[in-house]
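Chain A is the first sequence line, chain B the second, and so forth, proteins listed ahead of strands; every chain is numbered from 1.
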2 protein chains.
Amino acid sequence: MDIKKTYSISELAKEFDVTTRSVRFYEDQGLLHPTRRGQTRIFSSKDRVRLKLILRGKRMGFSLAETKELFDLWDETLSGNEKQLLLMLDTLANKRAQLEQQKNDIAQAEMEMDTAEARCREALAELQKKKRQQTKAKTEEPVEQK
Amino acid sequence: MDIKKTYSISELAKEFDVTTRSVRFYEDQGLLHPTRRGQTRIFSSKDRVRLKLILRGKRMGFSLAETKELFDLWDETLSGNEKQLLLMLDTLANKRAQLEQQKNDIAQAEMEMDTAEARCREALAELQKKKRQQTKAKTEEPVEQK
DNA sequence: GATAAAGTTTACGTAAACGTAAAGTATTTT
DNA sequence: AAAATACTTTACGTTTACGTAAACTTTATC
């Protein structure tokens, strides 16, 4: 039960901060299926959800083709065909493995960023110490040049 | 202290399952810096580590340009310039935020895959039930046609 | 009724990340 | 020495995911 039932292309584009060009491209690639009033596209809340999924997929490094494959598989499971259901389960398992790999990668990266950050802070602390010593030297003997 | 000190292009390519073309491309883009013996590339273990980081970056959805930026920034921090150090810390903070977003995305995706999988299994269970009923009907009255 | 605003199609252009082929060099093996 | 193997450079081709411009229609506004 979404707030609204239909959306114009620019409404969607604005909401998700993409260009209308991108939205049309996603339709072209078979990821969105707006109806038409005349020649104008009318997007349903299902399309809106899918757009959200497309963009999240992109952030996770999924290609449009991969996302489309998931969409299509999911649609076909609704037909209740056993073979399709099994195929969907298999695909889901694969995606899960992929996400596991990504989680490992991220955890590794975070650890390395921790040590990198620590070294930066150490180096900065060193610089600060030197600065303080210089300042100290100046305030203790400010008359020397005179 | 890695096992070996230097690597040929095909050794690296084989180890990380990429083409030599890719490795050369990464050098071309300034991500790797092999030395030369004649005109042949000789990769150090530092290059090897970087190749590993490049590939992990790709799995996390990083572009080569992004990865290169991190490499370059890190190299410059070693010069101990304060401005560079602060810039590095800032960049690290941004990357962290990016990874947080990805973790959220992955968690969301996993939840949705859970419910998708559950629905598939339900649908399959339904199919199995129907099958069993058909089988039952046949075994109980196998003589009917006679 | 003119004009602006939002929509459309068509089509060429572009950046990223390689693939692929051609043609040559250097070394090693038979 | 001939052939196979591994490396090189040069350069054009390809896919993905759009950007950008041109030319046109429909709807809303002054």
Task: Pairs meeting criterion salt bridge (charged side-chain N to carboxylate O under 4.0 Å, His left out) with involvement of residues 89-100 of chain A, two or more places apart - done: A:Glu66-A:Lys95, A:Arg96-B:Asp114, A:Arg96-B:Glu117, A:Glu100-A:Lys103
Open item on the list: Holding to salt bridge (charged side-chain N to carboxylate O under 4.0 Å, His left out), I want the full list of residues that pass it with A:Arg24, two or more places apart in sequence or in another chain.
Closed with: none
Open item on the list: Checking B:Lys129 now: which residues fulfil salt bridge (charged side-chain N to carboxylate O under 4.0 Å, His left out) with it, not counting sequence neighbours?
Closed with: B:Glu126
- [ ] Grab the CZ-P distance between A:Arg37 and C:dT8 for me, whole Å please.
- [x] 11 Å
- [ ] Report the residues that fulfil salt bridge (charged side-chain N to carboxylate O under 4.0 Å, His left out) with A:Arg50, sequence neighbours left out, ordered by chain and then residue number.
- [x] A:Asp75
Open item on the list: Run the salt bridge (charged side-chain N to carboxylate O under 4.0 Å, His left out) test against B:Arg119 and tell me which residues pass, sequence neighbours left out.
Closed with: none
Open item on the list: I need a per-nucleotide contact map over nucleotides 7-21 of chain D, read 5' to 3'. Cutoff is protein heavy atoms under 4.0 Å; write B for the base, S for backbone only, - otherwise.
Closed with: SBB-B-----BBBB-
